[in-house]
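Here's the structure, in structure tokens; my notes come after.
For clarity, every value in this text was computed on a predicted model and none was experimentally measured. Counting from 1, the numbers follow the sequence of the chain as shown.
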Amino acid sequence: MTDIERLMNPRSMAVIGVTDKEGSFGQRSGANALKSHIRDRVYFVHPRRESCMGKKCYKDLKELPEVVDCILICTPASTVNSILREAGELGVKGAVVYASGFSEDHTPEGIAMEKEMEDIARTYDMKVVGPNCLGIINNVNKIMMWGLGALIDLNTRPTGIGIIAQSGFIAANIVQLEQFNISYAVSTGNGNCFTLDECLEYLVDNDNVKVCALYLEGIKDASTFCRALEKAAKKRKPVIVLKSGVSEKGAKSAASHTGNLAGSAGTYRAVFKKYGVVTVDSLEELLCTAQMYSVLNGRLPKVNGFAGINFSGGENTICADLCEKYHVKLPDLEESTLKEIRNYIPPFAAAKNPLDGTTSLFTDREKVYNVIKAMGEDPEVGGVLVGMNVAGPGGVPQKEITSMEAMIQISEMENAPALFAVPSYEGDRDKAWREKLESHGIPVMSSAETAYKALGKLGEFVEFQWEKSTLAISAPDKAPSGEKSAMTEWDSKLEIQRLGIPIPAQGIAAVREDVPKVVGRMKFPVAMKVNSPDILHKTDAGGVRLNVKSSEEAMEAFDSILANCRRYMPDARLDGIIIQEMASPGLEMIIGVTNDPQFGPVLLAGLGGIFVEIFKDVALCPCPVNTYEALEMLRQLKAYKMLEGYRGSRPCDLKALTDIMVKVSQYALEHKNTIAEMDLNPVFVYEEGMGAIAIDALIVAYGDR
């Protein structure tokens, strides 16, 4: 039995500091522990009590009749570490610490106590949940290690969802919802001894968990976290994440456009997209989405396409509007499907998708059955959305009962489509009918706005093809150290040229007398730019001159650029003037890299030149990136229409552009411990077959590069 298994599924446990004081952790944890199916091997420990809740109390852990798998510590923070050390010496491998007053208080004393706790856990190979947490509920093996009053009934609650929350408040509210299928609920608290990343991997590996739902503030170990996401992707096990607490302030001091545009929020979104994680924006959406996947239990739509059927025209219009808003695909049904539907709807009703079935249709269960069946058999349809509220002020209306009976009948068919009951508003759901529908794999969704948002993301999940992605990140082996230093444009361009990335013909004039020799080897017009590791945004400094058409103009431009730059930054190091041939204009793109301290290098692509900071039309993906991922990044851009060819323009050379992206990604992978930022901006992309060329480049590295 692994250490994690002893924590998550203990065969025995002890509640330390148990008490009958109402509302205390000692009372609630003890009462919950006695609800467990291992109650005969639940022990109470209290140095001054003979018994509590009718159960014998032992003075300390050494008095117990066995070495337990897990302890629940309900005592004040100051006593916790001595208890953990005693438990570790006895061979206990799991612990839950409810107390607060550790690193979350940001006091030297609290931080020191938590560091000591980490050392104890490491010394004794002990998995410790907390501190500052609510604990664990294991509804698979019916074990409660929960420090709060919980309405969950281990005997009746269905399983399915593994919940991890870095907030006790959110964890507590989730487990109270009786309609929520729970396999495990873990409130991680500070999460430094047993991390969210380890917990996620355990739930992904567990066959009793059909979907993982996370309230995530941050991670500790990117490699473990992404390994868990990779396993989930390959298993097609949905991971739903509500991410909060992301700060963009870290990007403000970045030297490059890429560093300013990426930020930690962008990096997390890129990681989630790479691994097919379903992201949500609210707690309601988290609950609705997780429950939906749990009820579907792997019976996902076979294609990303839905058909909708509703009771009324108004509801049908709302359905159509929200589907468009949240990218729920409503394909045009085949003529054979429409012909079949017309056999069952009133003559005045129009056969289309979504369908206003009219109230009269829903008085006949057989007709409803045949319409839904016909929709589900259309090759472009993977799921059928039936508008209904599954309740009403006077009970469940007959028209809804008719629809639900038809849906249940269809769900029992071989190769049945995925079916969804989609309410038009939030309200009470009839418990018996909800449970009946869910037992047949039919989710009862939340309010319409949340429901269609969840369904749009379900479509994306259906289309996600992990086999085509790298499913890897380049987490640094150690935290990059030293001061950041920028390579000059000259050195940066030589570096990318060695990768096989095209650059314009160029030379460098270290002094004024070099100018005629350099321009003599080039075709006019030329561009001239200051070469300095200190002046990164050359245009701002007056350090760029374009369309220089003669040797005389070049001499004047040399003098002017140096004078401008000395005024702009008197102490800047000026390493001459780069002279390069002017490239033919193309579509301006930016390709860049920023190095996230946890996830490593992240590739950025977007509309470049002067537009990059204005429109911020960029896509991100953790390195390494293959050709498929590079193309998918470009497809995320609003500017992708320009790359495809727009209003008479010819398509751009996507092969050349993605080739540059892959090479930059590989370079970032090889320098993951030292690279800080990288910009190729602009990259001119030409017509299909004509290639792409990097006009400017900037590489920023850490001092120990």
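More than 12 non-hydrogen atoms from other residues, nucleotides or ligands lie less than 6.0 angstrom from CG of Asn208. Within a 6.0 Å radius of NZ in Lys35, more than 12 heavy atoms belonging to other residues, nucleotides or ligands are found. Heavy atoms of other residues, nucleotides or ligands lying less than 6.0 angstrom from OH of Tyr628 number more than 12. For Lys142, the NZ atom is densely surrounded, since the number of other residues' heavy atoms within 6.0 Å is greater than 12. Shown here is Lys235, whose NZ atom has more than 12 heavy atoms of other residues, nucleotides or ligands within 6.0 Å. By the 6.0 Å contact criterion, CG on Asp153 is enclosed, its count of non-hydrogen atoms from other residues, nucleotides or ligands being greater than 12. Around atom CD of Glu644, more than 12 heavy atoms belonging to other residues, nucleotides or ligands sit under 6.0 Å away. More than 12 non-hydrogen atoms from other residues, nucleotides or ligands lie less than 6.0 angstrom from NE2 of His37.
Side-chain contact between Leu455 and Leu385 is present, with at least one heavy-atom pair separated by less than 4.5 Å. Residues Leu620 and Arg269 are not in side-chain contact: their nearest non-hydrogen atoms beyond the backbone lie 4.5 Å or more apart. No side-chain heavy atom of Leu607 sits less than 4.5 Å from a side-chain heavy atom of Leu637. Using a 4.5 Å cut-off on side-chain heavy atoms (C-beta onward), Val390 and Val396 make no contact. Considering only heavy atoms from C-beta on, Leu355 comes within 4.5 Å of Ile341 through its side chain.
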Does the pair Ile309 and Met375 meet the rule for a side-chain contact (heavy atoms from CB on, under 4.5 Å), with working shown? CA-CA 9 Å; Ile309 178 171; Met375 287 178 157; 4.2 Å; yes
Audit row: Lys339, Glu334, salt bridge (Lys or Arg N to Asp or Glu O under 4.0 Å) steps and yes/no: CA-CA 9 Å; Lys339 184 177 178 182; Glu334 292 195 343; over 6 Å; no
Chi angles and distances behind the side-chain hydrogen bond (donor to acceptor under 3.5 Å, both in side chains) call for Ser446, Gln291: CA-CA 10 Å; Ser446 187; Gln291 183 70 3; over 6 Å; no
How far apart are the C-alpha atoms of Cys212 and Ile240, what are their side-chain angles, what is the distance that settles it, and do they pass the side-chain contact (heavy atoms from CB on, under 4.5 Å) test? CA-CA 6 Å; Cys212 301; Ile240 322 298; over 6 Å; no
Asn389 and Phe311: side-chain contact (heavy atoms from CB on, under 4.5 Å), yes or no, with the steps? CA-CA 11 Å; Asn389 291 308; Phe311 293 147; over 6 Å; no
Any chance you could lay out the side-chain contact (heavy atoms from CB on, under 4.5 Å) test for Val129 and Met145, step after step, and finish with the verdict? CA-CA 10 Å; Val129 172; Met145 296 169 277; over 6 Å; no
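Remark: the backbone N or O of Gly606 is not paired with any side-chain donor or acceptor of Asp617 at under 3.5 angstrom. No donor-acceptor distance shorter than 3.5 angstrom exists from the side chain of Ser294 to the backbone of Asn181, with no hydrogens or angles considered. Without hydrogens or angle criteria, Arg429 side chain to Arg434 main chain gives no donor-acceptor distance under 3.5 Å. The closest donor-acceptor contact from the side chain of Glu400 to the backbone of Ala391 lies under 3.5 Å. Within the 3.5 Å criterion, the main-chain N or O of Val625 finds a donor-acceptor partner in the side chain of Ser665. Distance alone, capped at 3.5 Å, is enough to place a donor-acceptor pair between the Lys237 side chain and the Val204 backbone. Judged by distance alone, the side chain of Ser312 and the main-chain N or O of Glu315 form a donor-acceptor pair under 3.5 Å. In terms of modelled atom types and a separation under 3.5 Å, the side chain of Gln166 and the main chain of Gly218 share a donor-acceptor contact. Between the Asn32 side chain and the Leu148 main chain, a donor and an acceptor come within less than 3.5 Å of each other. Ser439 places a side-chain N or O within 3.5 Å of a backbone atom of Lys436 that can act as its donor or acceptor partner.
In terms of heavy-atom proximity, Ala351 sits nearest to Ile345 at N-CD1, 3.9 Å. Between Thr470 and Pro624, the shortest heavy-atom contact is OG1-O, 3.1 Å. The heavy-atom pair separating Trp146 from Gly135 by the smallest distance is CZ3-O, 3.4 Å. Contact record, Leu7 with Val96: CD1-CG2, 4.5 Å, taken as the closest heavy-atom pair. The nearest pair of heavy atoms linking Leu242 to Leu283 is CD2-N, 3.8 Å. Smallest separation of non-hydrogen atoms from Val209 and Gly162: CG1-N, 3.6 Å.
Here SG of Cys319 is found 6.0 Å from CG of Leu330. Values are rounded to the nearest 0.5 Å. The OH atom of Tyr202 sits 3.5 Å away from atom CD of Glu5, with the distance rounded to the nearest 0.5 Å. If you take CE on Met407 and OG1 on Thr402, they are separated by 12.5 Å, rounding to the nearest 0.5 Å. If you take OH on Tyr425 and OG on Ser447, they are separated by 12.0 Å, rounding to the nearest 0.5 Å. Lys352 NZ to Asp332 CG: the interatomic distance, rounded to the nearest 0.5 Å, is 11.5 Å. From Ile410, atom CD1 reaches atom NE2 of His440 across 12.5 Å, with rounding to the nearest 0.5 Å.
When the side-chain contact (heavy atoms from CB on, under 4.5 Å) test is applied to Arg635, the partners found at least two apart in sequence or on another chain are Leu631, Glu632, Tyr640. Not a single ring-ring contact (aromatic ring centres under 6.0 Å, His included) links Phe180 to another residue, sequence neighbours left out.
Of the candidates Lys127, Arg227, Lys220, Glu198 forms a salt bridge (Lys or Arg N to Asp or Glu O under 4.0 Å) with just one, namely Lys127. None of Lys274, Lys468, Lys273 except one satisfies the side-chain hydrogen bond (donor to acceptor under 3.5 Å, both in side chains) rule with Glu629; the exception is Lys274.
A donor atom on one side chain and an acceptor atom on the other are found under 3.5 Å apart for Asn206 and Tyr184. A side-chain donor from one of Asn310 and Asn316 sits under 3.5 Å from a side-chain acceptor of the other. In the model, Thr224 has no side-chain atom that pairs as donor or acceptor with a side-chain atom of Asp197 under 3.5 Å.
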Which atom pairs, donor and acceptor, lie under 3.5 Å between side-chain atoms of residues 456-464 and protein residues at least two apart or in another chain?
residue: Lys457; atom: NZ; partner: Thr279; partner atom: O; Å: 2.6
residue: Lys457; atom: NZ; partner: Glu285; partner atom: OE2; Å: 2.9
residue: Glu463; atom: OE2; partner: Asn304; partner atom: ND2; Å: 3.3
residue: Glu463; atom: OE2; partner: Lys329; partner atom: NZ; Å: 2.8

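Cation-pi check for Lys243 over Tyr268 is met; the charged atom lies under 6.0 angstrom from the ring centroid and within 45 degrees of its normal.
A salt bridge does not link Glu449 with Lys453: none of the charged nitrogens is closer than 4.0 Å to a carboxylate oxygen. One finds no salt bridge joining Glu178 and Arg157 here, because no Lys/Arg side-chain nitrogen approaches an Asp/Glu carboxylate oxygen to under 4.0 Å. Taking a cutoff of 4.0 Å between a charged side-chain nitrogen and a carboxylate oxygen, Lys373 and Glu377 qualify as a salt bridge.
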